[in-house]
Each structure stands twice: as C-alpha cells, then as structure tokens.
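Here is the structure we will look at.
Here is the naming used below: chain letters follow the sequence lines, and residue numbers restart at 1 for every chain.
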Amino acid sequence: MASEPVSAGLAAPALPGFWRRFFRRKLATAGLAVLVLIVLAAVLAPWISPYNPDEQFFDGLTLEGAPLPPNAQYWFGTDLVGRDLFSRILYGARTSLVIGILANGVSVLIGALVGITGGYFKGWASAALMRFTDLMMAFPALLLAIVLAAMFRPSLLIVALVIAMVNWVQIARVLYTETRSLAERDFIEAERALGAGTVRILTRHILPHLVPTILVYSTLGIATTVLLEATLSYLGIGVQPPTASWGNIIFENQTYFTSAPWLVFIPGAAIILLALAFNLVGDALRDLLDPTQQGHHG
Amino acid sequence: MISYIARRLLQSLLILVGISVVTFALLYLLPADPARQIAGRSATAETVANIREQLGLNLPFYQQYLRYAAGLVQGDFGRSYLQKTEVSELIASRLPASLLLMAGAITCELLLGITMGLVAALRRGKPADHILMLVSFVGVSAPQFVVGIMILYVFAVTLGWFPIGGYGTFAHLVLPSLTLGILGAGWYARMMRSSMIDVLRQDFIRTAHSKGISGRAVIWRHALPNAILPVIAMIGIDIGLFMSGIVVVESVFGWPGIGQLAWQAIQRVDIPIIMGVTLVSALAIVIGNFIADMVTPFIDPRIKLR
C-alpha cells in the first residue's frame, strides 16, 4: 500500500468525525476496549503473568492430585498438572492473536489478489479463478481445515496457513464484486483513455477504493480465524502443547470438566470475548465505512 | 425460467466434479501409505506391493481419479481401508442421525432467531433491542465446542435435565440441536430484525394502519409474513455452516452421524471415508444453495434471474 491517499477511501478512518461516530456506539466502543486489553495482556504477558505458564507447582494440586479452583494465590485456579491457569491464559492470548493476525493477513492477501484479478481482468484466466472461488465456497470449510491440519505436523505457522487456505474465499468474493463495478465506472474509463497503465489504475484508483472493504473484512475475518484456531487446537490438531492456546487448554483438560469446570469455562469465555470484540468492532466499521453492506455470513 | 434452472443445475454439477478433483488431489498428496496401513505392521513388502497393485495406488494421479470417478457415478465410494466396509454403507448408516440433528438444529435456530429478531425490531432502540443484538453477537462469536461443553455442563451435568451424550430418544436430540442452532440463531436474529424493520417502513403497512387495523393485527398479519420469507429462504445457504458444525458437535455429544465418522476417519487417515464424507457434505451444500437460488426469486420478484 505504497500509494498516496488519492481518494477519501484510503484515509477512511480519518474521515471527518469517524471516531466520534464510532465512540457513539456503546457496543463497538466496549469491543474496542476489550481488544486493547487483550492485546496489552498478550504483549505484556512475560511481565504481568504471576507465574511461569509451564511450571508445575507442588501446591498447585490438592493432596488427592486434583486441580485447584480459582483462589487468592492462583486467580483462575490450576490445571490438571498444577500449572497456573491465569498465566496460561495470558500466554494463550499471544497464540490467538499471532495466529489470528497472521492467518487473516494471508487470507486477505490471497482474497485480494484473487478478487481484484478476477474482477478487473477479463478473459478465461480470471473466469477460471472465480469458478475456483465458487467451488471453494461449496467446500465444508471446517472439514477442509481439519483434513489439512491433520495432514501436517502442526506448528504455529502451519496452523495459520491452513486457516488462511480456507478463509480467503469470502473476501475474494466481496472484492471481486466491488472491483468489477469499479472497473466499469467512468473515471476508470477516463484514466484508461488518458493512457494510464494497468498497474497505475489498480494501485492508484482501484485499490484505494477497496481499502474500507478490506479493513472491514479483515476485522471480521480475525474473529473467524480466532474461532478456527481454537477449534483446531481443541481437536488436538492445532497449536500443540506445551505452547498455551485457549483451544488446547480446553483440549487438555476436557475429560475432567465435570469436576473442574473452570478449566473449560475460563478459556472458553476468553475465546468468546476475543471473537466478540473483533465482531463488534468489525460490524461498526462496516456500518461506518462499507458502502456495499454485503455478506452477512462470516 | 427453464434455462435458468438448467444453467444452475449444470453449475452445481461442475462444482461437485471440481470438489471431487480438489479433495482427491489433496488426499493423494498425503504422506500416508494406505497399502501399508491396510496390510498391517507385520506384513511383508510383497503383501504391501500386492495391495498397492490391487487398489491401483501405483497408477498415476489422473488414472486413480478416473477409477474413483467411474465408481462414484455408480454410487460406489470405494472401501474403507481399516473397517473393510463399503464407504457408501457406512455413510448410509450414519446419515439418518446427521439429518435428524440437522432438522433439530434448523428448528432451534429458526425459533430462537426469528423470535429474537422480531422482538428486537418491535423494540427498536430500546434496551431489549440492545440486549438481544448483543446476545446474537455472542452467539456468532462462540465456537461450537465451547457452547456444546457449556450447555452440557449446565443442562446435563448440573441440572440433570438431559442425558450427557448419546443417541436414541428425543431428550438426546435437544442439547446438540441447541448447540448447532445457537450460531445460526445469531445470524437469523440479525436478519429477521433488519427484514422486519424494512417491512415496517413500507407503504402498505402505513396504509394498513390508516385503514384502522389494530397495531397487533398489522404486525401479525401483514408485516410478519412479509418479513419472515426472505429469512427462511436463507436456510439453504445455512447448510454449509451446519456441515462444518457437525464434525465438532457430534464428537462433543457422541452423536453417531457422518461428522463423527469423518473425524474418526481423519484421525486414522482412512482416506476413502474422508473423501466420501467430504463429497456428501459438498453435495448437501450445493443442494442447499440450489434450493436457495430457486426459492429466492419467488419470494422477492424484484430479484432478476441471471
């Protein structure tokens, strides 16, 4: 995104009164506050977490060897092997955010490439690209992600890439529609008539107009990637222990959830809170920025 | 109209063929060796080679695919590597449970979603509206395994109202349906709300009011039927969401459907089953989209057929 802000679109968040209108929405403001908190928790985890997340404490288990419920010493209780859950949740925030942002970044990149190419260029190649997108839309996304994740020995990067592979489709579809209608507009015709090259038209005129949409779908998309990562890790084919992830904390402890429900409820609530925050902010951005208002199924 | 249907049918068919190629290619690239798997650990290299020969695993990719596709056309999904059973039989025995769950989930999401959306629209801008919209946001932001385990803990473990898992009676159906339905309910609530608000703004509603029809009658007899149709037309598109959900929800609740079948097969790298379930799910999604495409123009004549 090296081009200058030639249109109002690129400087979207700097639209007059954007933040004033944003903060007028209580839910979106609350969502943004939660996001800031979680990002801070993730960044500062090594300094603010009370314990080492991987250390097993002797006094972290009862005499019978059962995990401790939340108490003054271990705020969120301890897990099955006596590790501090609060510290693991803080470190888990890092995993969720890193994968969420990485996976979503890659899917937005693929989606933008496919959508803009398919929408701007005419010919069999771009038609084939869009038919392939249609085909991916009919794939059961989670099933595909599970098959892909199970194929590889999962690492943070692999999990992020697997999620990106199934998640680029929606944004490609949306950007395709928008690029197509943009490409037919008069000012693009005029540019072409004046001799502007394809690259110039794409980077200077098409892309800036797509920025609001990309911003909206990136925010909503992170919510989806966070949920996918949690689900894969819960199935044991996502982020591998001992690296803490909110999904694999539930995976490791679920057999005891009847006697130690906090081991499922606390990480579960953390996942919901993070996805909810991204969804609330993304929804507000859509109302404030996105002129097309399409695509309700995340 | 007929050409529209024909074109959509052809597109659906092409998508299915495409999906079978992509899935086959993906599974073909798997590092696992099916012949070794079938033969067992103690088998000699000769036995393994024989099995490989029999299954055509030494053929090039396109020949293997054509073999598989030729079977597919006759309804033959191949044999499970580990269960030594026809995949079509396995799927046929598991499909009724998944269809039952789908019916339960759709009932839950429509009942919950439409009620929430309706109340929110009628109380627009009031606290009830804000609370319901927040609830619907939570619904779409909650991963299904978390919802499933939480619901299980509250209604089965703590309250003891429903069995913890399994299959057979109506009571078994309630919690997994609810788990799958909550996600959809979130979407439906928001769609129903905006659809209802749109309808309430239209002229014929104002006319009905000015003719002296009571407010309640206007809502129930004039606004609701008009608002609800476009929302119900979305069910077809929902099938994709549902097909993704069953893999997780069926394993949380021990529900013996095709989702559980798929998950077990993935863990054991039983490729023919994975392939079969993926195709059946894709078929369901394509049928759902097709129905949605067919129904929508009837509901909203303003939508042009392309």
Side-chain angles (χ1 to χ4, degrees), chain A residues 26-27 30-31 131-132 134-153 166 223-224 226-231 233-237 246-247 250-251 254 257-259 261 264-265 267-280 283 293 296-298, chain B residues 11-12 14-16 18-19 22-23 26-27 29-32 130 133-134 137-138 140-147 149-150 152-153 157-158 164 187 190-191 194 234 237-248 251-252 259 262-263 266-267 269 274 277-278 281-286 289:
Chain A
K26 289 189 193 105
L27 282 180
R131 290 296 82 75
F132 182 66
D134 288 346
L135 191 154
M136 290 297 293
M137 296 270 272
F139 244 112
L142 183 61
L143 191 60
L144 181 62
I146 292 174
V147 171
L148 284 174
M151 273 166 64
F152 301 102
R153 187 151 293 280
V166 303
T224 321
V226 165
L227 295 182
L228 266 172
E229 181 273 316
T231 304
S233 299
Y234 162 74
L235 291 172
I237 50 176
W246 295 339
I250 299 180
F251 167 70
Q254 61 170 331
F257 85 94
T258 50
S259 54
V264 169
F265 279 48
I271 300 166
I272 297 176
L273 213 58
L274 182 57
L276 179 64
F278 275 115
N279 271 331
L280 288 174
D283 191 62
Q293 289 277 337
H296 52 271
H297 269 234
Chain B
Q11 276 174 4
S12 307
L14 286 178
I15 284 183
L16 281 176
I19 285 188
V22 171
T23 319
L26 268 178
L27 297 175
L29 294 173
L30 260 179
H130 296 308
M133 283 306 103
L134 180 63
F137 263 116
V138 175
V140 301
S141 306
Q144 288 172 316
F145 68 94
V146 172
V147 175
I149 299 176
M150 284 181 173
L152 205 57
Y153 184 77
V157 177
T158 312
I164 287 186
W187 293 121
R190 302 181 51 195
M191 271 188 287
S194 62
M234 301 299 296
I237 295 169
D238 245 25
I239 307 286
L241 230 55
F242 176 80
M243 281 299 164
S244 282
I246 55 171
V247 183
V248 173
S251 65
V252 169
W263 176 226
I266 290 168
Q267 286 171 301
V269 206
I274 305 176
V277 176
T278 309
S281 310
L283 179 66
I285 293 173
V286 166
N289 287 343

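With sequence neighbours excluded, the residues that form a side chain to side chain contact (heavy atoms under 4.5 Å, CB included) with B/A284 are B/I239, B/M243.
For chain A, the nearby parts of B/V140 are the backbone and the side chain; heavy atoms of each come within less than 4.5 Å. Both the backbone and the side chain of B/I149 come within less than 4.5 Å of a heavy atom of chain A. Both the backbone and the side chain of A/L276 come within less than 4.5 Å of a heavy atom of chain B. For B/A142, the parts sitting under 4.5 Å from any heavy atom of chain A are the backbone and the side chain alike. Contacts between B/V138 and chain A at a heavy-atom distance below 4.5 Å involve backbone atoms as well as side-chain atoms. Of the two parts of A/L273, neither the backbone nor the side chain holds a non-hydrogen atom closer than 4.5 Å to a non-hydrogen atom of chain B. Residue contact with chain B, scored on non-hydrogen atoms closer than 4.5 Å, is absent for A/A223. Contact of A/L274 with chain B is not made at all, since no heavy-atom distance falls under 4.5 Å. Interface residue B/I15: backbone and side-chain heavy atoms are both found under 4.5 Å from chain A.
The shortest distance between side-chain heavy atoms of B/V146 and A/Y234 does not fall below 4.5 Å. At a threshold of 4.5 Å between non-hydrogen side-chain atoms, the residues B/L26 and A/V147 do not count as touching. With a 4.5 Å cut-off on side-chain heavy atoms, A/F139 and B/T23 count as touching.
Applying the salt bridge (charged side-chain N to carboxylate O under 4.0 Å, His left out) rule to pairs touching residues 134-144 of chain A yields A/R131-A/D134, A/D134-A/R173, sequence neighbours excluded.
Between atom CG of residue A/L143 and atom CD1 of residue B/I274 there is a gap of 8.5 Å, rounded to the nearest 0.5 Å. With values rounded to the nearest 0.5 angstrom, B/S281 atom OG is found 10.5 Å from A/L142 atom CG.
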- [ ] Decide side-chain contact (heavy atoms from CB on, under 4.5 Å) for B/F145 and A/L235; before the verdict, give the C-alpha distance in whole Å, the side-chain angles of both, and the deciding distance to 0.1 Å.
- [x] CA-CA 9 Å; B/F145 68 94; A/L235 291 172; over 6 Å; no
Task: Test log, rule side-chain contact (heavy atoms from CB on, under 4.5 Å), inputs B/M133 and A/D283 - done: CA-CA 12 Å; B/M133 283 306 103; A/D283 191 62; over 6 Å; no
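In terms of non-hydrogen atom pairs under 4.5 Å with chain A, the most contact-rich of B/S244, B/G245, B/S251, B/G259 is B/S244.
The aromatic rings of B/Y153 and A/F265 lie perpendicular to each other, with more than 60° between the two planes, well past the 30° mark.
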